[in-house]
Amino acid sequence: MFSNDRVRLRPQTPDDAELDHAIWSDPDTYLVVSDAPFVPKSLDAVKAKIEKETTEPDSGAKFVAFVVETTADATALGTCALFGMDNFNGLAQLGMVLLPVARGHGYGRDALSLLCLYGFRMRNLRRIELSTFATNTGMRKTAEACGFTHEGMQRQRSYNGEGYGDIAIYGLLRGEWNDGGQKPA
Ligand SMILES: CC(C)(COP(=O)(O)OP(=O)(O)OC[C@H]1O[C@@H](n2cnc3c(N)ncnc32)[C@H](O)[C@@H]1OP(=O)(O)O)[C@@H](O)C(=O)NCCC(=O)NCCS
């Protein structure tokens, strides 16, 4: 799978429902990460959703999710995904959420770098995009550390629990991508 000496990305399975449920049932994380209304879901509903996502015939065509775990002992750290995969334009968006306990240890940077390796090398993408609240310093610095360029700001774009926050847009082009020598010619 996709790994370095600290972090591995592996496919999601229905057994990861507890991890997904823990991440997405935290209202504060949800407000930072999602652009949709918060509707609490049962563990069974999360499991059914993962089952559907991983088994439907075109699974992976537009959306691919990974569990982020430690390489050393497979401790689950969070999830990351490429979504909105657009083959015609060669682009996709990315999302990433680590458990609170896993944040701030460099795992996000490692996981983002591996997700770019998957996107550029295995999906032959030309461009990977991400959007995040302008106030999300952690995601912004992680993106910049992986070579993403800040391309602009959408003013008062998304509800943040109190009002409408500005959204920072980032992009990384294949030709700008530097993954430490693993990228194809
Ligand atoms: C955003 C997130 C994925 C980053 O992963 P992480 O493992 O915490 O980040 P890292 O430890 O790899 O840090 C990467 C860089 O960001 C900086 N950083 C990380 N969290 C930070 C924070 N809260 N405030 C300021 N800087 C921060 C680090 O100092 C590092 O900077 P450097 O390159 O100058 O050394 C993670 O914090 C997270 O899951 N946050 C909650 C969900 C979220 O916001 N997801 C993104 C939604 S679009």
Side-chain angles (χ1 to χ4, degrees), residues 2-10 12 16 18-38 40-41 46 62-85 91-119 125 127-172 176-180:
F2 298 91
S3 62
N4 63 19
D5 54 348
R6 280 166 39 91
V7 162
R8 174 167 53 223
L9 306 189
R10 65 158 175 82
Q12 252 189 333
D16 296 311
E18 275 187 37
L19 170 68
D20 223 47
H21 187 259
I23 286 173
W24 293 102
S25 59
D26 169 15
D28 290 328
T29 297
Y30 193 93
L31 279 171
V32 171
V33 175
S34 177
D35 210 15
F38 178 62
K41 291 201 168 57
V46 173
K62 298 219 177 300
F63 171 82
V64 185
F66 294 96
V67 168
V68 183
E69 63 183 18
T70 58
T71 306
D73 60 5
T75 300
L77 302 170
T79 62
C80 65
L82 290 177
F83 59 97
M85 206 93 72
L91 60 85
Q93 333 260 324
L94 75 82
M96 173 172 298
V97 195
L98 302 185
L99 291 164
V101 69
R103 297 175 194 166
H105 300 286
Y107 294 130
R109 188 201 309 227
D110 285 354
L112 181 51
S113 165
L114 292 168
L115 190 60
C116 290
L117 171 64
Y118 171 76
L125 294 175
R127 172 185 163 86
I128 298 178
E129 305 175 340
L130 79 88
S131 348
T132 191
F133 279 114
T135 49
N136 192 345
T137 311
M139 189 67 245
R140 296 187 65 173
K141 287 188 84 171
T142 302
E144 285 160 12
C146 292
F148 281 73
T149 296
H150 180 217
E151 298 180 330
M153 208 66 101
Q154 294 176 304
R155 295 170 303 147
Q156 298 185 20
R157 165 66 174 73
S158 296
Y159 182 66
N160 61 15
E162 289 162 12
Y164 293 91
D166 296 347
I167 292 289
I169 310 287
Y170 283 85
L172 178 64
E176 299 164 344
W177 170 53
N178 179 354
D179 77 335

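Whatever order the structure lists them in is the order used to number ligands and atoms, beginning at 1.
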I'd like to know if V33 contacts ligand 1, where contact means a heavy-atom distance under 4.0 Å to any ligand atom. yes
In this structure, atom 25 (C) of ligand 1 is nearest to the protein heavy atom T137 CG2, 3.5 Å
Considering only heavy atoms from C-beta outward, does the side chain of F148 approach that of L94 to under 4.5 Å? yes
Any side-chain donor near an acceptor of the partner, S113 and D110, under 3.5 Å: no
Interfacing atoms of ligand 1 (cut-off 4.0 Å, heavy-atom, A145): 33 (O)
Give the numbers and elements of all ligand 1 atoms closer than 4.0 Å to a heavy atom of S131. 48 (S)
Going by the 4.0 angstrom heavy-atom rule, the piece of N136 near ligand 1 is side chain
So which of L77, D20, L9, L19 actually passes side-chain contact (heavy atoms from CB on, under 4.5 Å) with V67? L19
Minimum-distance pair of heavy atoms, taken over all atoms of F2 and L114: O-CD1, 3.8 Å
Approximate separation, where rounding is to 0.5 Å, of I169 CD1 and M153 CE: 9.5 Å
Does the gap between the ring centers of Y164 and Y159 come in under 6.0 Å? yes
For atom 43 (C) of ligand 1, is some protein heavy-atom partner under 4.0 Å away? yes
Polar atom proximity, G104 to ligand 1 (N or O, under 3.5 Å): yes
I'd like to check whether L98 has a polar contact with ligand 1, where a contact means an N/O of the residue lying under 3.5 Å from an N/O of the ligand. yes
Does G95 have a non-hydrogen atom less than 4.0 Å from ligand 1? no
If we check side-chain contact (heavy atoms from CB on, under 4.5 Å) with R140, which of these qualifies: L130, T135, T132? T132
To which protein heavy atom is atom 20 (N) of ligand 1 closest, and what is the distance rounded to 0.1 Å? G138 CA, 3.4 Å
Could you check atom 48 (S) of ligand 1 against the protein and tell me its nearest heavy-atom contact, residue, atom and distance included? T132 OG1, 3.4 Å
Note: ligand 1 atoms sitting under 4.0 Å from heavy atoms of V97 are 39 (O), 42 (C)
Which of the ligand 1 atoms, numbered from 1, are nearer than 4.0 Å to a heavy atom of Y107: 7 (O), 12 (O)
Contact region, E144 to ligand 1, non-hydrogen atoms below 4.0 Å, reads neither
Heavy-atom contacts with G108 under 4.0 Å: which atoms of ligand 1 show up? List them by number with element. 5 (O), 6 (P), 7 (O), 12 (O)
R127/E151 salt bridge by N-O under 4.0 Å criterion: yes
Interfacing atoms of ligand 1 (cut-off 4.0 Å, heavy-atom, V32): 44 (O)
Return the residue, atom name and 0.1 Å-rounded distance of the protein heavy atom closest to atom 13 (O) of ligand 1. T142 OG1, 3.8 Å
Would atom 28 (C) of ligand 1 count as contacted, meaning some protein heavy atom under 4.0 Å? no
Nearest non-hydrogen protein atom to atom 36 (C) of ligand 1, with distance, is R103 CG, 3.8 Å
Just to confirm my output: which protein heavy-atom neighbour is closest to atom 11 (O) of ligand 1, and how far is it? G106 N, 2.7 Å
Could you find the nearest protein heavy atom to atom 17 (C) of ligand 1 and give me its residue, atom name and distance? K141 CB, 3.7 Å
Can you tell me the protein heavy atom closest to atom 12 (O) of ligand 1 and the distance? R109 N, 3.0 Å
Would a 4.5 Å heavy-atom cut-off, applied to side chains only, mark V46 and W24 as touching? no
Below 3.5 Å, N or O to N or O, backbone or side chain included: is there any such pair between M139 and ligand 1? no
Is it the case that the side chain of T71 and the backbone of N4 share a donor-acceptor pair, with hydrogens and angles ignored and the cut-off at 3.5 Å? yes
Any side-chain heavy atom of Y170 sitting closer than 4.5 Å to one from L172? no
Are M96 and T79 close enough that some pair of their side-chain heavy atoms sits under 4.5 Å apart? no
Taking NZ, NE, NH1 and NH2 as the nitrogens, is one of them in D166 or R155 under 4.0 Å from a carboxylate oxygen of the other? no
Taking both backbone and side-chain atoms of H105, is any N or O found less than 3.5 Å from an N or O belonging to ligand 1? yes
Hey, mind stepping through L31 and F38 against side chain to side chain contact (heavy atoms under 4.5 Å, CB included) and telling me if it holds? CA-CA 8 Å; L31 279 171; F38 178 62; over 6 Å; no
